[in-house]
Amino acid sequence: MHNIRIGQAVDIHQLVEGRKLILGGVEIDHSKGLLGHSDADVLTHAIGESILGALALGDLGKHFPDTDPKYKGANSLVLLGHIYDMMDEMGYQIGNIDATILAERPKMAPHIISMRTNISNVLHCDIEDVSIKATRGEKLGFVGNEEGIVSLSVCILEKKG
(Lines give C-alpha, C1' and ligand atoms only; values in the text may rest on other atoms or scores of the structure.)
Protein backbone atom coordinates (compact mmCIF):
# COMPACT_ATOMS: atom_id res chain seq x y z
CA MET A 1 0.00 0.00 0.00
CA HIS A 2 1.32 3.43 -0.93
CA ASN A 3 1.71 6.14 1.73
CA ILE A 4 1.31 8.96 -0.79
CA ARG A 5 -0.81 9.01 -3.95
CA ILE A 6 -1.04 11.75 -6.60
CA GLY A 7 -4.01 12.44 -8.88
CA GLN A 8 -4.75 14.99 -11.57
CA ALA A 9 -7.81 15.89 -13.60
CA VAL A 10 -9.29 18.36 -16.07
CA ASP A 11 -12.97 19.20 -16.49
CA ILE A 12 -14.59 21.33 -19.19
CA HIS A 13 -18.17 22.56 -19.54
CA GLN A 14 -19.86 24.81 -22.06
CA LEU A 15 -21.27 28.19 -20.99
CA VAL A 16 -24.93 28.69 -21.94
CA GLU A 17 -27.75 31.07 -21.12
CA GLY A 18 -30.46 29.91 -18.73
CA ARG A 19 -28.19 28.02 -16.30
CA LYS A 20 -26.70 29.02 -12.96
CA LEU A 21 -22.93 29.45 -12.72
CA ILE A 22 -21.74 27.33 -9.80
CA LEU A 23 -18.05 26.89 -9.04
CA GLY A 24 -16.73 25.29 -5.87
CA GLY A 25 -20.30 25.21 -4.61
CA VAL A 26 -20.61 28.99 -4.92
CA GLU A 27 -23.37 30.46 -7.07
CA ILE A 28 -21.80 33.34 -9.00
CA ASP A 29 -23.86 36.08 -10.62
CA HIS A 30 -23.27 35.87 -14.37
CA SER A 31 -25.29 36.01 -17.58
CA LYS A 32 -24.41 32.39 -18.41
CA GLY A 33 -24.00 29.14 -16.53
CA LEU A 34 -22.39 25.79 -17.20
CA LEU A 35 -24.19 23.11 -19.17
CA GLY A 36 -24.21 19.62 -17.72
CA HIS A 37 -26.26 16.77 -16.30
CA SER A 38 -25.51 17.84 -12.72
CA ASP A 39 -24.93 21.44 -11.62
CA ALA A 40 -21.86 21.30 -13.94
CA ASP A 41 -19.48 22.65 -11.29
CA VAL A 42 -16.21 22.19 -13.23
CA LEU A 43 -14.04 23.06 -10.23
CA THR A 44 -15.61 20.52 -7.91
CA HIS A 45 -15.66 17.93 -10.71
CA ALA A 46 -11.93 18.35 -11.40
CA ILE A 47 -11.08 18.13 -7.69
CA GLY A 48 -13.24 15.03 -7.23
CA GLU A 49 -11.83 13.33 -10.29
CA SER A 50 -8.25 14.07 -9.21
CA ILE A 51 -9.00 12.26 -5.94
CA LEU A 52 -10.57 9.33 -7.80
CA GLY A 53 -7.49 9.23 -10.03
CA ALA A 54 -5.13 9.18 -7.05
CA LEU A 55 -7.08 6.21 -5.71
CA ALA A 56 -7.10 4.48 -9.14
CA LEU A 57 -10.91 4.39 -9.03
CA GLY A 58 -11.57 5.68 -12.55
CA ASP A 59 -13.32 8.88 -13.53
CA LEU A 60 -16.37 10.83 -12.38
CA GLY A 61 -18.61 9.29 -15.06
CA LYS A 62 -17.90 5.79 -13.76
CA HIS A 63 -19.32 6.66 -10.35
CA PHE A 64 -21.92 9.30 -11.28
CA PRO A 65 -22.98 8.58 -14.90
CA ASP A 66 -24.81 11.31 -16.81
CA THR A 67 -27.18 8.59 -18.03
CA ASP A 68 -28.51 8.08 -14.49
CA PRO A 69 -31.50 10.31 -13.76
CA LYS A 70 -30.70 10.40 -10.02
CA TYR A 71 -27.73 12.68 -10.81
CA LYS A 72 -29.80 15.11 -12.90
CA GLY A 73 -29.18 18.55 -11.39
CA ALA A 74 -27.07 17.02 -8.60
CA ASN A 75 -25.12 19.28 -6.26
CA SER A 76 -21.48 18.55 -7.04
CA LEU A 77 -20.46 19.14 -3.42
CA VAL A 78 -22.70 16.21 -2.46
CA LEU A 79 -20.97 14.07 -5.10
CA LEU A 80 -17.60 15.22 -3.72
CA GLY A 81 -18.80 14.05 -0.31
CA HIS A 82 -19.32 10.55 -1.75
CA ILE A 83 -15.78 10.67 -3.15
CA TYR A 84 -14.52 11.70 0.29
CA ASP A 85 -16.26 8.62 1.75
CA MET A 86 -14.47 6.36 -0.77
CA MET A 87 -11.13 7.99 0.07
CA ASP A 88 -11.77 7.66 3.80
CA GLU A 89 -12.76 3.98 3.46
CA MET A 90 -9.49 3.30 1.63
CA GLY A 91 -7.58 4.90 4.51
CA TYR A 92 -6.48 8.16 2.87
CA GLN A 93 -6.79 11.84 3.67
CA ILE A 94 -6.07 15.03 1.74
CA GLY A 95 -2.44 16.10 1.77
CA ASN A 96 -3.20 19.06 -0.45
CA ILE A 97 -5.14 20.15 -3.53
CA ASP A 98 -4.04 22.70 -6.10
CA ALA A 99 -6.75 23.71 -8.58
CA THR A 100 -7.02 26.32 -11.32
CA ILE A 101 -10.11 27.77 -12.99
CA LEU A 102 -9.77 29.09 -16.56
CA ALA A 103 -12.56 31.59 -17.23
CA GLU A 104 -12.60 34.87 -19.13
CA ARG A 105 -15.41 36.26 -16.98
CA PRO A 106 -16.64 36.77 -14.32
CA LYS A 107 -13.82 37.62 -11.94
CA MET A 108 -13.19 34.71 -9.58
CA ALA A 109 -11.12 36.51 -6.91
CA PRO A 110 -14.12 37.61 -4.81
CA HIS A 111 -15.32 33.98 -4.58
CA ILE A 112 -12.09 32.02 -4.00
CA ILE A 113 -12.25 31.98 -0.18
CA SER A 114 -15.84 30.70 -0.23
CA MET A 115 -14.87 28.00 -2.75
CA ARG A 116 -11.90 26.93 -0.62
CA THR A 117 -14.10 26.85 2.47
CA ASN A 118 -16.75 24.70 0.76
CA ILE A 119 -14.21 22.22 -0.61
CA SER A 120 -12.23 21.95 2.64
CA ASN A 121 -15.44 21.40 4.64
CA VAL A 122 -16.60 18.56 2.39
CA LEU A 123 -13.13 16.94 2.34
CA HIS A 124 -12.60 17.37 6.11
CA CYS A 125 -9.27 19.13 5.70
CA ASP A 126 -7.79 22.52 6.57
CA ILE A 127 -8.52 25.38 4.20
CA GLU A 128 -4.73 25.80 3.91
CA ASP A 129 -4.67 22.40 2.18
CA VAL A 130 -6.94 23.65 -0.65
CA SER A 131 -5.45 26.08 -3.17
CA ILE A 132 -7.74 27.53 -5.82
CA LYS A 133 -6.49 29.98 -8.43
CA ALA A 134 -8.04 31.51 -11.53
CA THR A 135 -6.74 32.84 -14.82
CA ARG A 136 -8.33 34.34 -17.92
CA GLY A 137 -8.20 33.13 -21.50
CA GLU A 138 -6.90 36.51 -22.71
CA LYS A 139 -9.63 36.46 -25.40
CA LEU A 140 -8.06 33.33 -26.95
CA GLY A 141 -9.84 30.05 -27.71
CA PHE A 142 -13.15 28.87 -26.26
CA VAL A 143 -12.24 30.13 -22.77
CA GLY A 144 -11.28 33.59 -24.05
CA ASN A 145 -14.39 33.71 -26.23
CA GLU A 146 -16.53 32.88 -23.17
CA GLU A 147 -17.85 29.66 -24.68
CA GLY A 148 -16.77 27.48 -21.75
CA ILE A 149 -14.88 27.15 -18.49
CA VAL A 150 -12.09 24.70 -17.67
CA SER A 151 -10.77 23.59 -14.32
CA LEU A 152 -7.61 21.64 -13.57
CA SER A 153 -6.77 19.92 -10.30
CA VAL A 154 -3.91 18.01 -8.80
CA CYS A 155 -4.03 16.39 -5.37
CA ILE A 156 -1.80 14.52 -2.99
CA LEU A 157 -3.41 11.97 -0.73
CA GLU A 158 -1.67 10.68 2.38
CA LYS A 159 -2.23 7.37 4.11
CA LYS A 160 -3.88 8.00 7.50
CA GLY A 161 -1.87 7.26 10.62
Side-chain angles (χ1 to χ4, degrees), residues 7-55 57-66 68-89 92-137 143 146-157:
Q8 65 84 35
V10 175
D11 197 45
I12 303 168
H13 282 271
Q14 181 181 3
L15 277 167
V16 296
E17 292 183 9
R19 292 271 302 192
K20 292 179 181 180
L21 178 59
I22 300 171
L23 295 168
V26 177
E27 187 174 330
I28 299 170
D29 188 36
H30 192 52
S31 60
K32 294 180 180 179
L34 294 168
L35 182 63
H37 186 68
S38 67
D39 62 10
D41 182 338
V42 292
L43 175 62
T44 303
H45 290 181
I47 290 170
E49 194 160 279
S50 71
I51 295 167
L52 289 171
L55 298 169
L57 292 177
D59 61 22
L60 216 56
K62 176 181 175 182
H63 298 276
F64 313 105
D66 63 6
D68 190 332
K70 75 178 171 185
Y71 300 118
K72 178 81 173 147
N75 180 328
S76 293
L77 289 177
V78 171
L79 302 181
L80 186 62
H82 294 305
I83 294 169
Y84 169 81
D85 292 340
M86 291 180 230
M87 177 184 71
D88 187 52
E89 285 176 25
Y92 285 90
Q93 62 189 12
I94 298 296
N96 76 301
I97 293 168
D98 186 21
T100 304
I101 302 164
L102 289 81
E104 190 67 24
R105 288 186 318 112
K107 293 265 188 211
M108 296 295 145
H111 310 289
I112 297 287
I113 292 295
S114 296
M115 293 176 192
R116 291 176 65 208
T117 299
N118 289 343
I119 299 297
S120 64
N121 286 341
V122 171
L123 295 176
H124 305 275
C125 65
D126 291 334
I127 193 168
E128 292 81 17
D129 296 330
V130 179
S131 170
I132 298 172
K133 307 171 304 295
T135 190
R136 296 178 41 228
V143 171
E146 299 183 48
E147 297 169 15
I149 294 178
V150 179
S151 186
L152 308 124
S153 176
V154 63
C155 73
I156 293 179
L157 305 184

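If you read the sequence from its start, that first residue is 1, and numbering goes on from there.
Partners of Ile12 under the side-chain contact (heavy atoms from CB on, under 4.5 Å) rule, at least two apart in sequence or in another chain, are Val10, Phe142, Val150. Under the side-chain contact (heavy atoms from CB on, under 4.5 Å) criterion, His37 pairs with Asp66, Tyr71, Lys72, sequence neighbours left out. Under the side-chain contact (heavy atoms from CB on, under 4.5 Å) criterion, Ser151 pairs with Val42, Leu43, Ala46, Ile101, not counting sequence neighbours.
In this structure, Ile51 CD1 and Leu157 CG are separated by 6.5 Å, a value rounded to the nearest 0.5 Å. If you take SG on Cys155 and CD1 on Ile94, they are separated by 5.5 Å, rounding to the nearest 0.5 Å. Residue Asn121 holds its CG atom at 8.0 Å from CD1 of Ile127, rounded to the nearest 0.5 Å. Going from atom CD of Glu27 over to atom NZ of Lys20 covers 4.5 Å, rounded to the nearest 0.5 Å. Note: Ile149 CD1 to Leu34 CG = 4.5 Å, rounded to the nearest 0.5 Å. Distance CD1/Ile119 to CG/Asp129: 13.0 Å, rounded to 0.5 Å.
Taking 4.5 Å as the limit, every side-chain heavy atom of Ile83 sits out of range of all side-chain heavy atoms of Val122.
With hydrogens and angles disregarded, a donor-acceptor distance shorter than 3.5 Å links the side chain of Asn75 to the backbone of Leu77. Of the possible polar contacts, one joining the His63 side chain to the Leu57 backbone as a donor-acceptor pair under 3.5 Å is found. Side chain of Asp39 to backbone of Ser76: a donor-acceptor contact under 3.5 angstrom is found.
Residues Arg136 and Glu104 are paired through a salt bridge, judged by an N-O separation under 4.0 Å between the basic side chain and the carboxylate.
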Audit row: Asn118, Leu80, side chain to side chain contact (heavy atoms under 4.5 Å, CB included) steps and yes/no: CA-CA 11 Å; Asn118 289 343; Leu80 186 62; over 6 Å; no
Worked verdict on Asp11 versus Glu49 for side chain to side chain contact (heavy atoms under 4.5 Å, CB included): CA-CA 9 Å; Asp11 197 45; Glu49 194 160 279; 5.9 Å; no
Steps toward side chain to side chain contact (heavy atoms under 4.5 Å, CB included) verdict (Phe64, Val78): CA-CA 11 Å; Phe64 313 105; Val78 171; over 6 Å; no
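Asp98 approaches Ser131 most closely through the heavy-atom pair OD1-OG, 3.1 Å. Here the shortest heavy-atom pairing between Arg116 and Glu128 reads NH2-CA, 3.8 Å. Contact record, Leu123 with Tyr84: O-CE1, 3.4 Å, taken as the closest heavy-atom pair. His45 approaches Ala40 most closely through the heavy-atom pair CE1-CA, 3.8 Å. The minimum heavy-atom distance linking Ile28 with Pro106 is given by the pair CG2-CG, 3.6 Å.
No more than 12 heavy atoms of other residues, nucleotides or ligands shown are found within 6.0 angstrom of CG on Asp29. Other residues, nucleotides and ligands contribute over 12 non-hydrogen atoms within 6.0 Å of the NZ atom of Lys133.
When only modelled atom types and interatomic distance are considered, Ser50 and Ser153 share a side-chain donor-acceptor pair under 3.5 Å.
Of the residues Asp41, Val130, Thr44, Ile132, the one that meets the side-chain contact (heavy atoms from CB on, under 4.5 Å) test with Met115 is Ile132.
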